[in-house]
Amino acid sequence: MKTIFKKYTLAFIGVLLVSACGKDFLEVEPRGSDLEANYYQNEEEAYKGLVAVYDVVGFMSGGLVTKLGAVNSASDDHFAGGGGPTDMTVFQVWSDYTLDPSVGPQSDLWSKGYSGVFRANVLLSKLPGVPMDEDQKARFVAESRFLRAYFYFDLVRLFKNIPLLSSPVSAGEMYNVTQASPDDVYAFIEQELEECIADLPNTVAGVERARATTGMAHALLGKVYLYREKFAEAASELAIVNGTTPGQPSAIYGYNLVSTYSDLFKTNNEFNSESIFEISFTNTSAGNWGCSACTEGNILNVMSGPRGFKVVSGNEGTVPNYVSGWSFFPITPSLATAMQGDPRFPATIADIGGLAAEGKVEYTPGFMDTGYFLEKFAAKVEDRWTGAGDADLNYPQNIYEIRLADTYLMEAEALVRGGGSAVRAQALLDAVRDRVGLASIPATFENIFNERRLELAGEGHRWFDLVRTDKAAAALGSRGFVAGKHEILPIPLLEMENTKILQSVEWGGSL
């Protein structure tokens, strides 16, 4: 997506007329109307429109807000961290559950979702009139619908009460938009994914590696079904992805667990056999602080690193040499304790505090410091960019939106909770644990749930898992989480100004 399609992205932003802030996700600037009307004249222009839809998947706001950074801060596996209690306030207030409709990450995450929806809607409205190969057109339509479903899935999970827009909205109509019921949004998502599969390719290769496939659509649909507690349907969709024999390559897609867990997070191992839905980044976009949101790099790498880090003289080559970062997302003692003795610990958690205690490194403790940092993303000096642009904005490490161990554990959960095959659920759980040399344990819901925490730590799943299973209050109550309120974000205040959009009842509203 970002790496593969980056050459068209910035040039095409103006055509789509999407702002990254406020309720501008609905606005159509009159100045650009002629430009949009005259665009989409051929397949190349349609492709550029598709590029721009994909580009929102790797969204970072001008304030450095990303979905992964925000939900990690909110989970029991991380604190917001950073340099102090006002460093990235939007993360801090979700981390300690003091957010309100005016302060928090909700504006950025709302804008991400609706920027993607708007771009997809514009392209889908234009594609019927584009003279191009009909098979290619069908694929473009399917990809746009897949992406629209993906954006809506994030929106409905985060906000619950959202507008459901399946076509472009004019400036005159925007103030009359209302919210749909969550059930209607989920039904729309399911239909989009079910119907797009027929026109997506099973596999992609080379420069197309980030584009949607049937495997991605089945995996996302299975995940949606799991959230809806449609366990039989979830297990069926995920089984298509996972293949007949857990731990062996799937026949249709060739998906297979990477043999060495730590290899999953190496920058030079992108789009590996375990990758199903991967967000790609690049260090060649020359991103700089003049427009931080324009960069195509992964900001999480520098954000996750220990502050003021340096290797003590005489220890060079014996310890990892991390980039001196911003100390966000420190690992909580709860996760560090849960992972003690787990083979995945070294690939997940950097014990900088331990190294400092041994006199091997020095670092400056940041806010809510625990000494534990997110190894999966903390940048190393050898990864630091030395080309054009600012190094902090140009790290190329990709992010997994969905990978195979995730779908194994989702299918196992669906089978156990839905009364499906206990034998297959056990095989799926065993495959994930066997990959890292762990013995078999019974495939109970609690064991599968805990395995998700250890296997997927730091990858943006934990907060959603806690909320969807009603475990968030128990895990996060000491942080300020209130049941019946904090399962969703408030609707951003700006979205309700002079519109018919209402605040959710959980946040003092009427909807």
Side-chain angles (χ1 to χ4, degrees), residues 68-69 71-82 91 95 258 260-267 269 298 300-311 315 318-383 395 397 399-400 403 405-406 409 432-433 435-438 449-463 465-466 475-476 479:
L68 182 57
V71 296
N72 274 359
S73 297
S75 82
D76 62 335
D77 287 348
H78 306 269
F79 298 118
F91 286 173
S95 187
V258 170
T260 302
Y261 183 79
S262 60
D263 286 350
L264 283 164
F265 310 104
K266 293 181 178 178
T267 301
N269 196 29
N298 186 347
L300 293 173
N301 294 123
V302 71
M303 294 185 81
S304 300
R307 189 173 293 260
F309 180 88
K310 67 177 182 178
V311 176
N315 291 279
T318 65
V319 296
N321 193 5
Y322 296 92
V323 170
S324 182
W326 303 345
S327 67
F328 283 96
F329 325 122
I331 302 293
T332 60
S334 171
L335 177 60
T337 299
M339 294 203 74
Q340 289 295 331
D342 191 292
R344 292 165 289 202
F345 186 110
T348 303
I349 300 175
D351 185 3
I352 305 299
L355 293 174
E358 295 172 8
K360 296 179 179 179
V361 305
E362 295 176 357
Y363 80 106
T364 303
F367 184 58
M368 300 296 287
D369 177 64
T370 63
Y372 297 115
F373 293 82
L374 182 54
E375 172 69 21
K376 289 180 179 179
F377 287 110
K380 310 299 191 302
V381 168
E382 58 265 28
D383 296 324
Y395 286 97
Q397 184 182 356
I399 293 173
Y400 300 107
R403 60 180 175 89
D406 181 13
L409 294 172
V432 173
R433 292 177 60 82
R435 187 252 297 271
V436 293
L438 290 171
F449 184 81
N450 291 335
E451 197 68 29
R452 286 185 62 79
R453 184 187 194 189
L454 304 178
E455 172 69 25
L456 302 169
E459 297 178 49
H461 301 281
R462 177 66 174 176
W463 185 83
D465 282 348
L466 289 170
L476 292 164
R479 296 259 288 269

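Residues: numbered from 1 along the sequence shown. None of these values were measured; they are calculated from a predicted model. In what follows, every heavy atom counts, from backbone to side chain, and hydrogens, waters and symmetry copies are set aside.
- Residues passing the ring pair (Phe, Tyr, Trp, His ring centres under 6.0 Å) test with Phe373, sequence neighbours excluded: Tyr363.
- Contact detail for Gly81 and Pro330: the closest heavy-atom pair is CA-CD, 3.6 Å.
- Not one N or O on the side chain of Ser73 forms a donor-acceptor pair closer than 3.5 Å with the backbone of Ser95.
- When all heavy atoms are compared, the tightest approach of Trp463 to Val71 is CB-O, 3.7 Å.
- The CD1 atom of Ile331 sits 11.0 Å away from the CD1 atom of Ile352 when rounded to the nearest 0.5 Å.
- Rounding to the nearest 0.5 angstrom, the gap separating the OG1 atom in Thr348 from the CG atom in Leu454 is 8.5 Å.
- Partners of Lys310 by side-chain contact (heavy atoms from CB on, under 4.5 Å), not counting sequence neighbours, listed by chain and number: Glu362.
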Audit row: Leu300, Leu374, side chain to side chain contact (heavy atoms under 4.5 Å, CB included) steps and yes/no: CA-CA 10 Å; Leu300 293 173; Leu374 182 54; over 6 Å; no

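- For the atom pair OG1 of Thr370 and CD1 of Ile349, the computed distance is 8.5 Å after rounding to the nearest 0.5 Å.
- Rounded to the nearest 0.5 Å, atoms CD (Glu459) and CZ (Phe265) are 4.0 Å apart.
- Residues passing the salt bridge (charged side-chain N to carboxylate O under 4.0 Å, His left out) test with Glu375, sequence neighbours excluded: Lys380.
- Put simply, OG on Ser304 and CZ on Phe328 are 10.0 Å apart, with the number rounded to the nearest 0.5 Å.
- Applying the side-chain contact (heavy atoms from CB on, under 4.5 Å) rule to Ser334 yields the partners Thr332, Arg453; only residues at least two apart in sequence or on another chain are considered.
- For the pairing with His461, the side-chain contact (heavy atoms from CB on, under 4.5 Å) check across Leu68, Asn72, Asp406 returns one residue only, Asp406.
- Counting only distance, with no hydrogens or angles, the side chain of Asn298 and the backbone of Gln397 share a donor-acceptor pair below 3.5 Å.
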Chi angles and distances behind the side chain to side chain contact (heavy atoms under 4.5 Å, CB included) call for Val323, Tyr395: CA-CA 11 Å; Val323 170; Tyr395 286 97; 3.4 Å; yes

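- Remark: Pro346 engages no residue in a side-chain contact (heavy atoms from CB on, under 4.5 Å) (not counting sequence neighbours).
- Remark: Arg462 engages Asp76 in a side chain to side chain donor-acceptor pair (under 3.5 Å) (not counting sequence neighbours).
- By the 4.5 Å heavy-atom criterion applied to side chains, Phe91 and Met303 are counted as neighbours.
- Take Phe367 and apply the ring pair (Phe, Tyr, Trp, His ring centres under 6.0 Å) test, not counting sequence neighbours, and it matches no residue.
- Taking the salt bridge (charged side-chain N to carboxylate O under 4.0 Å, His left out) definition, one finds that Arg344 meets it with Asp342, Glu451, Glu455, sequence neighbours left out.
- Under the side-chain contact (heavy atoms from CB on, under 4.5 Å) criterion, Thr260 pairs with Ser262, Asp263, sequence neighbours left out.
- In terms of the salt bridge (charged side-chain N to carboxylate O under 4.0 Å, His left out) criterion, Asp351 has no residue partners (sequence neighbours excluded).
- Listed by chain and number, the residues in a ring pair (Phe, Tyr, Trp, His ring centres under 6.0 Å) with Phe345 amount to none (sequence neighbours excluded).
- Residues Lys376 and Leu264 have side chains not in contact (no heavy-atom distance under 4.5 Å, counting atoms from C-beta outward).
- Residue Leu409 holds its CG atom at 11.0 Å from CG of Asn450, rounded to the nearest 0.5 Å.
- Scored by the ring pair (Phe, Tyr, Trp, His ring centres under 6.0 Å) test, Tyr322 finds Phe309 as partners (sequence neighbours excluded).
- Listed for the Arg307 side chain is no donor-acceptor partner under 3.5 Å among the backbone atoms of Pro365.
- In this structure, Ser327 and Gly366 approach most closely via the heavy-atom pair OG-CA, 3.8 Å.
- Heavy-atom minimum distance, Asn269 versus Tyr400: O-OH, 4.4 Å.
- Here the closest heavy-atom approach between residue Asn301 and residue Phe377 is recorded as ND2-O, 2.7 Å.
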